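Just below is one structure, and these are the notes that go with it.
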Amino acid sequence: MALQQNKNLSVIQITLPDGAVREFAPGITGMGIAENISKSLAKAVIAIKINGVLSDLSLPIDHSASISLIKREDDVALEMIRHDCAHVLAEAVQKLFPGTQVTIGPNIENGFFYDFARNEPFSTDDFLVIEQEMKKIVERGSAFTREVWDRQDAITYFKNKGENFKAELIQDLPDTEEIKIYRQGDWLDLCRGPHMPTTKHVGTAFKLMKVAGAYWRGDSNKAQLTRIYGTAWRTQAELDAYLTQIEEAEKRDHRKLGKELDLFHLQDEAQGSVFWHPKGYIIWQALESYMRRRLRHAGYEEVKTPQLMDARFWEASGHWGKYRENMFVVPDVVPNADEGGKVFKEEPKHFMALKPMNCPAHVQIFNQGIKSYRDLPIRMAEFGCCHRNEAHGALHGLMRVRQFTQDDAHIFCREDQIASESLAFCELLRVIYHDLGFDQFKVKLATRPEKRVGTEESWDYAENALKEALEAAGLAYDIAPGDGAFYGPKLEFHILDAIGRSWTCGTLQLDPNLPERLGAQYTGEDGQKHRPLMLHRAILGSIERFIGILIENYAGKLPLWLSPVQCVVATITSEADAYAQQVVEQLRSAGIRAELDARNEKINYKVREHSLQKVPYLWVVGKREAEEHKVAIRTLGSEGQDIQGVAEALKTLTQAVQPPY
RNA sequence: GCCGUUGUAGCUCAGGGGUAGAGCAACGCAUUCGUAAUGCGUGGGUCGGAGGUUCAAUUCCUCUCAACGGCACCA
């Protein structure tokens, strides 16, 4: 066999995607194959997949292989355009701003970024000139040529050039990795490749989007770099479509809609804490009542615990040591009453803190009295208002705030109950997410981190329990290795916002540690004292965040049961005022959130305004309706009208406003 | 917290060294109208805050606060 292959070395067989086999001399390149097939293909091709691996067209092929030639319209081409565009960006920046060091420039969703090290950070004002330079480089059409360098030579080369970050990258590459360098004209960069044939292939449908600070290797203790984000597409039409799509997404922004629909506001004096307006708070209450019904049915008991607790308490829970920088700490002294004087006459010695979490307080309730194994599991729920001293730069509308309310609960249970409790939780979560319109969410299983407590066996058991729960509940998941809490693994349930950012909403965390620290125990069947385990769990996560997500996902057009105003009765003439008033009263008596619009305005004006306010139903009444005891129903999102008798319409609407549970 | 951008009327935004302007909203008057903006009129701003340069600062400079986009951190 080996002998025969050797004999045939002068010919290799290339299998094309359609199954056709062509023979070539070893060393043939992707471009050579393309040229052999047709001239037009050679013109269009930008890369090759050899046995499924994306490679440069210039790479010689020494063995028989299945190949496919990649053209600009293939999906993978977009990845290459973006990656090559990042190289073009880097060259442009180094040319325009000598002394700038390059670091890394990976692709991301819809584009790419490149991190640069430069004493003076870039500004968006620099974009125009950089983009112009990039266009020149594209126009120049330099071939991307691939070279393999000796590791030490490469390190020396980059160090001599003052490219310390690149040198560090090369140094850290695994020994098995070849050091590949790609040239484009006079400029070169360390790169895994592959690349398209020339810079011209990048095209001109690219745009620099924003600058941001970023840290070298994602570590805030390391050097501050400047990151330039860009996007690149096959055609100008695709780029335009993408930019339009971003604009459309911005219209769904909950901060914008929150203002337009008069739901809530934020202001400087209480940054990170929400002022809920009447309409916004209706959403909150509807959501909370719904959750309360769900939780009660699922065997939870609701509690309420203190906001402010002594530092001693937080020392015992471990928060004082591990979490203090995220807490709001309050001196436990009577402040000085002298106007204009010091806030405190003496340096405060005793402190209290606003709770950042509900768990330690729940353990206190558990600890009252004696618990038997028969009492377990205990599912203790609280719509707990927590404060966390978040970094200023982290705050973001309703999504990331300093005061938030969790639909929190802690399940105290025995180890043998973890699996069934986790499964029940996953099922409850899925049902609730479905009710709220989220059939698409991502689940992550965060496994044991490097710094952790507990035995390997207990981690094995806990991770498996969570995994089995997910599988039994039929939930697909990704593993986030090492992302678990130090005390136990966790599940994270993520939902995307309008701009595609992923937010953790639900969570399930296994914690054998806190019961230990706070001395929770129960009497077992054997008459001995045992430690319960604790499951920390939330479904919405934070009510603030979840409402933000709801607003964005529905673009403000909330389901009827969550709509702040469910029906507006609008008059056409003042002759219908008395009748309209009557109709509104009937709606309100039926428990429907209804308002009267009897303003002296044209019906067009009212229709427009209530449509923009996303009111689900508009009941229009004029002289005719008043005489016939009817209403003309206009449904949000449709243009027609449906004329019905009041009694009938009322009956239908009363049913429609019912919450899903 | 770090980097960049922004901050002008209730909202959306224009302007710019000689103390401000539009549309919408508000208010008043007229209009009573049939499914996405009726007309006319009136009022409204220490131009985010503090300091500096200048004869003069909302405009230029410095500092500061906040928001926005990322990074880091996290529900």
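Just so we're on the same page: letters track the sequence lines, and every chain starts at 1. Quick caveat: nothing in here was measured; it's all calculated off a predicted structure.
Atom pair A:Glu609:CD and B:C11:P shows a separation of 17 Å (rounding to whole Å applied). Computed from coordinates, the A:Arg599 CZ to B:A36 C1' distance equals 13 Å when rounded to whole Å. For the pair A:Asp115 CG and B:C3 P, the interatomic distance rounds to 15 Å; values are reported in whole Å. Rounding to whole angstrom units, CG of residue A:Asn326 and C1' of B:A72 are separated by 13 Å. For the pair A:His410 NE2 and B:A75 P, the computed distance is 12 Å after rounding to whole Å. Separating the CG atom of A:Asn119 from the P atom of B:G4 is a distance of 13 Å, rounded to the nearest angstrom. Protein atom CD of A:Glu601 is 8 Å distant from nucleotide atom P of B:A25, rounded to whole Å. Whole-Å rounding puts the A:Tyr215 OH to B:A72 C1' distance at 5 Å.
Pairing partner, B:U32: none, since no Watson-Crick or wobble contact has both distances short of 3.5 Å. Here B:C68 sits opposite B:G4 as a Watson-Crick or G-U wobble pair (both hydrogen-bonding atom distances under 3.5 Å). Nucleotide B:U42: paired with B:A26 (Watson-Crick or G-U wobble, both distances less than 3.5 Å). A 3.5 Å limit on both hydrogen-bonding distances identifies B:C13 as the Watson-Crick or G-U partner of B:G21.
Listed pair A:His265 / B:G10 fails the phosphate criterion, with no side-chain N or O lying under 4.0 Å from OP1 or OP2. For the pair A:Arg501 and B:G69, the criterion of a side-chain N or O lying under 4.0 Å from OP1 or OP2 is met. Phosphate proximity of B:U35 to A:Asn604: absent, as no side-chain N or O sits under 4.0 Å from OP1 or OP2. The shortest distance between the side-chain N/O atoms of A:Tyr605 and the OP1/OP2 oxygens of B:A25 is below 4.0 Å. In this structure, A:Lys490 reaches the B:A75 phosphate: one of its side-chain N or O atoms is under 4.0 Å from OP1 or OP2. Neither OP1 nor OP2 of B:C71 sits under 4.0 Å from any side-chain N or O of A:Ser220. Taking 4.0 angstrom as the limit, A:Gln271 places a side-chain polar atom (N or O) nearer than this to OP1 or OP2 of B:A66. Within the structure, every side-chain polar atom (N or O) of A:Lys606 is placed at least 4.0 Å from both OP1 and OP2 of B:C33.
Between the side chain of A:Arg400 and the base of B:C73, a donor-acceptor pair under 3.5 Å is found. Interface remark: the A:Arg402 side chain does not form any donor-acceptor pair with the B:A75 base, using a distance-only criterion of under 3.5 Å. No hydrogens or angles were tested; on distance alone, a donor-acceptor pair under 3.5 Å links the side chain of A:Glu390 to the base of B:A75. Between the side chain of A:Glu625 and the base of B:G34 there is at least one donor-acceptor pair of N/O atoms closer than 3.5 Å.
Sequence neighbours left out, the pairs with a member in residues 213-222 of chain A that pass salt bridge (Lys or Arg N to Asp or Glu O under 4.0 Å) are A:Glu168-A:Arg217, A:Asp172-A:Arg217, A:Asp219-A:Lys222.
Note on A:Tyr229: only backbone sugar-phosphate atoms sit closer than 4.0 angstrom, heavy atoms only; bases stay farther off. Residue-level contact check: A:Leu618 touches neither bases nor backbone, having no heavy atom under 4.0 Å from any strand. A:Arg255 comes within contact range of the sugar-phosphate backbone alone, with a heavy-atom separation under 4.0 Å but no base atom that close. Residue A:Ser611 is classed as a base contact, given a heavy-atom separation below 4.0 Å to a base. Among the atoms of the strands shown, only primed sugar atoms or phosphate atoms (P, OP1, OP2) are found under 4.0 Å from some heavy atom of A:Lys210. If you check every strand for non-hydrogen atoms under 4.0 Å, A:Gly541 touches nothing. Backbone-only engagement by A:Phe122 is indicated by non-hydrogen atom pairs under 4.0 Å involving sugar-phosphate atoms exclusively. Residue contacts for A:Ser123: at a heavy-atom cut-off of 4.0 Å it reaches the sugar-phosphate backbone alone, with no base atom in range. As judged by a 4.0 angstrom heavy-atom cut-off over every strand, A:Glu269 is placed among residues making no nucleic acid contact. Counting non-hydrogen atoms under 4.0 angstrom, A:Ala391 reaches a base of the nucleic acid. Among the atoms of the strands shown, base atoms are found under 4.0 Å from some heavy atom of A:Ala212. Within the nucleic acid shown, A:Arg634 comes within 4.0 Å of at least one base atom, counting heavy atoms only. Residue A:Ile603 is classed as a sugar-phosphate contact, given heavy-atom separations below 4.0 Å to backbone atoms only. Backbone-only contact: A:Glu639 has heavy atoms under 4.0 Å from sugar-phosphate atoms and none from a base.
Separation of the C1' atoms belonging to B:G43 and B:A9 is 11 Å when rounded to the nearest angstrom. Straight-line distance between the P atoms of B:G4 and B:G41: roughly 48 Å, to the nearest whole Å. Taking the P atoms as reference points, B:U54 lies 16 Å from B:U59, given to the whole Å. Nucleotides B:C60 and B:U53 place their C1' atoms 8 Å apart, quoted to the nearest Å. For B:U6 and B:C61, the P atoms lie 12 Å apart once the distance is rounded to whole Å. For the C1' atom pair drawn from B:G16 and B:C47, the interatomic distance equals 11 Å after rounding to whole Å. Comparing the P positions of B:U35 and B:G48 gives a spacing of 45 Å, expressed to the nearest Å. Remark: the separation of the P atoms in B:A26 and B:U62 is 42 Å, to the nearest Å.
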Self-check item: Test salt bridge (charged side-chain N to carboxylate O under 4.0 Å, His left out) applied to A:Arg379 and A:Glu421, step by step
Solution: CA-CA 10 Å; A:Arg379 305 184 192 92; A:Glu421 287 301 317; 2.8 Å; yes
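For the residue pair A:Tyr290 and A:Asp435, a side-chain donor N or O sits within less than 3.5 Å of a side-chain acceptor on the partner. A donor atom on one side chain and an acceptor atom on the other are not found under 3.5 Å apart for A:Asn389 and A:Asn326.
Ring centroids of A:Phe264 and A:His277 are separated by 6.0 Å or more, keeping the two rings apart. Here the two rings, on A:Trp216 and A:Phe165, have centers that are under 6.0 Å apart.
A:Ile539 has its side chain within reach of A:Met291: a pair of non-hydrogen atoms, C-beta onward, lies under 4.5 Å apart.
In this structure, the side chain of A:Tyr579 engages the main chain of A:Lys630 through a donor-acceptor pair within 3.5 Å.
Among the nucleotides B:C74, B:C11, B:C33, the one closest to the side chain of A:Lys259 is B:C11.
Here A:Glu609 pairs with A:Arg599 in a salt bridge; the nearest charged N to carboxylate O distance falls below 4.0 Å. Electrostatic pairing of A:Lys355 and A:Glu382 counts as a salt bridge here, judged by a charged N lying under 4.0 Å from a carboxylate O.
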